Amino acid sequence: MSYDFNTIEAKWQAYWAENGTFKAENNSDKPKYYVLDMFPYPSGAGLHVGHPLGYIASDIYARYKRHKGFNVLHPQGYDSFGLPAEQYAIQTGQHPAITTKENIARYREQLDKIGFSFDWSREVKTSDPKFYKWTQWIFIQLFDSWYDNDADKARAINELEEVFSNEGNTTINAVCDEDVVTFSVEEWNDFSSLEKQEVLLKYRLTYLAETEVNWCPKLGTVLANDEIVNGVSERGGHPVIRKKMTQWSMRISAYAQRLLDGLTTIDWPQPLKDSQTNWIGRSQGASVTFNVKDHDEVIEVFTTRPDTIFGVSFMTLAPEHELVTKITTPEQKAEIEAYIEATAKRSERDRMADVKTISGVFTGAYAEHPFTKEPVPIWIGDYVLAGYGTGAVMAVPCGDQRDYDFAKHFGIEIPNIFDGVDISEEAFADKEKTIIANSDFLDGLNYKKAMKRAIYELEKIGQGKGKINYRLRDAVFSRQRYWGEPFPVYYVDGMPQMIDLQHLPIELPEVEKYLPTATGEPPLGRADVWAWCTETNKVVSNEKIDNTSVFPLELNTMPGWAGSSYYFNRYMDPNNDEVVFSKEAINYWKEVDLYIGGSEHATGHLLYARFWQKFLFDREIVPVDEFAKKLINQGMILGTSAIVYRISGTNTYVSKGLKDQYKNQIEELRVDVNMINASDELDPNDLRNWQPQFEDAEFELEDGKYIVGREVEKMSKRWFNVVNPDGVCEQYGADSLRLYEMFLGPLEQAKPWNTAGITGVHGFLKKLWKLYHNGEEFGVTDAEPSKDNLKTLHKTIKKVEEDIENFSFNTSVSTFMIAVNELTAQKCNARAILEPLLVLVSPYAPHIAEELWSKLGHNDSIATAAFPIFEEKHLVESSKQYPISFNGKMRFTMELPLDMSKEDIEAAVMAHEKTQQQLAGREPKKVIVVPGKIVNIVG
RNA sequence: GCUCAAGUGGCGGAAUUGGUAGACGCGCUGGAUUCAAAAUCCAGUUCUUUCGGGAGUGUGGGUUCGAUUCCCACCUUGAGUACCA
């Protein structure tokens, strides 16, 4: 009876689905374990072999934990709102709702073929109104909250109103917009309702404000900082410009310190923690105010080097700084305006690409040094960023290279305030070696002491204080797109109002025209949506709105990361229509125990999700403030592109080995890797039939063959190097695919896909199958296992358990191969060995395990079988291995009885050496025995 | 520029409280089986050698009886980040 994987796999996949084998209960006597994958964007291309890598790893771990007696939650769903889904729809000219539905069906079909143990009864889709009802609800909770710095947590907004009506806002220590004015109790009480709302908006955790945003004209939407890479959009690589727009924002900056602190409590990869730390960008220093001469204005700067305050010889403002127009002298006005205009025109990318050109203009105005009262010229320059700190710097050319270059370029003086340092060539920025000079009360102090003293003196004269600054900006939450969650918001007199939970979800209307607009008008703003507004108004108006007028709804939609910021909690109780999840469910599952996904989400999804979790924790909606205890980044599986070489201007293609003759006339073209065989050969006829452009292709062959070049790069449609898992499943089976993806290398590491080696693991499965059969018959008996059988089994149990706990799935595949080879050689057919072995293999190759399990006479799924226990007695026998070094040159280990003393060992070693040398006909060497420790206990 | 990670056969990769480097798989070589092929099985496969050995985990040093493993310097590759005051 041969191993018919296609039949077996279809059979057991159907069995699992019918019996709900992997359905998790929200209460159980067993301990809980929550294994989560980052849910996929259902893009049009379907899954390639790289996608399932992380899913296979998490599935192995989930199945292992079930064997270990845990109640395992292992759900899956789709991140189906957002730019990628919509861009795909636009490209194919279909409605995103349709393409999304089709793509999800395709994903599901592919996922089912791999035999994952997902609990599909808990599936979520972020674009499903049943799901985004709660995304909208959480948005409302954020709107109804403010951040109390004293309590260091978010609190309900009505508590803030109470504070205002009792104390005004002079005593409160809350996170708010910069432009909040102070008011007394009386003033607060005199405010109109509208004015009160306006003030509260400046404190809410999600707020509406006119801010400078990243506008991407090509995509027709604004983007958050993490959606921009190297100055262009992450999706599509389109240019991004700065633009002032009124947008919803999330006050994530309130959580900067806690997001940093939380990193020490979670088991996440260090590089990922590093990049979040970097993104949050905490820096400690001081804020210093400089009075502007002949003006009633002050310039606030942030500096990490208050110790160098006496080295200030000029100040630089960002061109966008609001004071620039106020303080510029009439003589400088024309030049300043020209400069501002020139910088505004430059895109983010141009500005970044060109960091070497030094540019700036003098405003004509002077500030006053806080201590020396000397005049300090005020310049503007685009090396100062409007978005960081206060958008202004005190320039200390002797201590900062950029200030130094700027000063040199414009001939500004460079006073030296460092003791014994030459600054004629470059600035001196080494904090550790700093000794301050020419600085009044700071003379002779080192960096640390000077820093403290400077802050103290600044505070004394009221012109500065110690300050911690963060790079992290509030996140823009509006998108001028169709395919996203509508906001649960309407406007009265221009002020945003929330729509009650009872009227949620506010469903996305079905529209004909959903394309983004060039001007930034949301697609929902078009005439065909008016009916939606009217309809929604009727629903939400109740008594508080005059039914005769239509109130405008918020027409932007939420960004892609909205739904993914809490979906892991929704899985715990995904079908609940009353609440986002029940208290029982969230208190039972609490948090994700193991989260597996790509590292590309480090400063996007994973940061936003931690932010929302902390917020939900503050408002007592969830019981823990970090949502994932342990996280693993699976490495990317890369494609191996195939390259053909065309002679420029011709239709002739030369084989790889001949291309050098043509030197510069060669053009490289990527062709479909699925046409290439294992020896990198391409059949010319395949290429001619592949695409019309190759129809008349001529070939220059080497040894009668056309050999292609190979290049390892990201798997992508545009390189024609995508390999689908479906083909592999058909040819070798899902179990082979699962084993092979694990066998390729360490989980965290990037590795190229190469089908060549899959015959190895496939051969293992065939051997495994044969081990349980005797010719055509099932061959497992109740025979007594031999000592060797037991030894093989128990060392396999030990190794596999260690491997799984350490997530080294690649080495346990080797362990299985060794075990099967050994047991085959031992002609083992004992049930006492082969039954536990099956449980070990089952997480990796579940289909074959189920089939053999049922042949062993079991009526239930192997998924619930107990993981076998490692018994040390089967490994320890009568000897140990002792490593021995001597003469300082040689070393080896000797296997010796357990009960030998140190002296006996030395004697034995010398006897061994003598025998060895005499056998070789040589004089024995002088032996110095260093008793080594016991390395290993082996059988 | 800065930060982090990694360099081991023809290839993917094993080997951690420092103890026989190259597990396991691919590929390759030879053999068995077969009319033949596929499949399967067995043996071999780091390099070098005058068959005694010798060299060997990116390079150069160091610690140690002993280093792929620990320390220092350098080289290379990959990833992230970048005018952050």
Side-chain angles (χ1 to χ4, degrees), chain A residues 2 229-231 269-275 277-279 281-283 285 288 301-306 308 315-316 318 351-352 354-358 381-385 387-396 399-403 405-406 429 469-472 599-600 602-603 633 635-636 678-679 712 739-740 743-746 748-764 766-767 770 799 808 810-819 821 824 881-895 920-922 928-936:
Chain A
S2 67
V229 178
N230 293 331
Q270 197 55 42
L272 198 155
K273 288 186 180 182
D274 288 348
S275 79
T277 306
N278 200 322
W279 191 261
R282 181 187 202 267
S283 55
V288 184
V301 301
F302 173 75
T303 177
T304 53
R305 297 295 303 272
T308 63
M315 302 188 76
T316 315
R351 227 169 126 164
M352 283 169 68
D354 171 30
V355 294
K356 289 198 183 80
T357 314
I358 296 162
D382 69 358
Y383 80 98
V384 175
L385 306 175
Y388 182 76
T390 60
V393 300
M394 56 173 231
V396 183
D400 182 285
Q401 195 57 43
R402 288 156 306 167
D403 296 344
D405 294 340
F406 195 89
N469 197 53
Y470 298 94
R471 198 189 78 125
L472 184 68
S599 57
E600 68 273 20
T603 53
N633 291 130
M636 207 189 312
S679 319
V712 171
L739 281 168
Y740 188 56
F743 187 68
L744 270 179
E748 280 107 326
Q749 190 177 302
K751 52 227 160 215
W753 178 261
N754 171 10
T755 325
I758 200 167
T759 52
V761 292
H762 187 64
F764 156 73
K766 284 198 235 172
K767 284 183 200 168
K770 272 169 101 174
K799 185 68 167 48
S808 0
N810 53 331
T811 48
S812 42
V813 178
S814 299
T815 309
F816 290 136
M817 291 179 179
I818 296 167
N821 283 340
T824 303
Q881 276 195 355
Y882 291 82
I884 311 289
S885 306
F886 54 118
N887 243 9
K889 280 186 179 175
M890 303 174 66
R891 60 166 187 266
F892 59 85
T893 61
M894 285 183 74
E895 199 167 324
R922 288 187 305 262
I928 305 159
V929 176
V930 179
K933 64 190 167 174
I934 299 158
V935 197
N936 213 348

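These figures come from a predicted structure and were not determined experimentally. Lettering follows sequence order; numbering is per chain, from 1.
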| field | Glycosidic conformation of B:G66, taking syn as within 90° of 0 and anti otherwise | value | anti
| request: For residues A:Y383 and A:D403, determine if any side-chain heavy atom of one lies less than 4.5 Å from a side-chain heavy atom of the other. | output: yes
| query | With a 4.0 Å cut-off on heavy atoms, is A:K273 in touch with a base, just the backbone sugar-phosphate, or nothing at all? | reply | nothing
| request: Take atom C1' in B:G9 and the same atom in B:G27, then report the distance between them in whole Å. | output: 12 Å
| Rounded distance in Å between the C1' positions of B:U29 and B:A79 | 40 Å
| task | Would you classify A:Q270 as touching base, sugar-phosphate or nothing, given that sugar-phosphate means primed atoms plus P, OP1 and OP2, and contacts are heavy atoms under 4.0 Å? | result | nothing
| Taking atom P in both B:A38 and B:A32, what distance in whole Å separates the two? | 15 Å
| task | Can you tell me, in whole Å, how much space there is between the P of B:U59 and that of B:G10? | result | 14 Å
| said: Please report the distance separating the P of B:C11 from the corresponding atom of B:A23, rounded so that it comes out in whole Å. | reply: 14 Å
| request: Name the pairing partner of B:C74, where a pair is Watson-Crick or G-U wobble with both distances under 3.5 Å, or state none. | output: B:G58
| Just to confirm, is there a sub-4.0 Å distance from OP1 or OP2 of B:C84 to any side-chain nitrogen or oxygen of A:R282? | no
| Can you name the closest pair of heavy atoms from A:R471 and A:W279 and give their distance? | NH2-CE3, 2.9 Å
| query | Got A:F764 and A:Y740 here, is their nearest side-chain heavy-atom distance under 4.5 Å? | reply | no
| field | Complementary nucleotide for B:G66 - Watson-Crick or wobble, under 3.5 Å | value | none
| Looking only at atom P, what distance separates B:U16 and B:G7, rounded to whole Å? | 13 Å
| Closest nucleotide among B:A14, B:C24, B:A85 to the A:F743 side chain | B:C24
| request: Would you name the heavy atoms of A:T316 and A:A395 that are closest together and state the gap between them? | output: OG1-CB, 4.4 Å
| field | Torsion-based syn/anti label for B:G52, 90° from 0 as limit | value | syn
| message | For a quick check of understanding: with a heavy-atom distance under 4.0 Å over all strands, which category does A:P746 fall into, base, sugar-phosphate or nothing? | response | sugar-phosphate
| request: Classify the nucleic acid contact of A:N821 as base, sugar-phosphate or nothing, counting any heavy atom under 4.0 Å across all strands shown. | output: sugar-phosphate
| Euclidean distance for P, B:C51 against B:A5 (whole angstrom) | 49 Å
| message | Say we look at B:G44 and B:C26: how far apart would their P atoms be, to the nearest angstrom? | response | 16 Å
| query | Within the structure shown, what part of the strands sits under 4.0 Å from A:T759 by heavy-atom distance: base, sugar-phosphate, or nothing? | reply | sugar-phosphate
| request: Using a 4.0 Å heavy-atom cut-off across all strands, classify A:N754 as base, sugar-phosphate, or nothing. | output: nothing
| request: Would you name the heavy atoms of A:K767 and A:N821 that are closest together and state the gap between them? | output: NZ-OD1, 3.4 Å
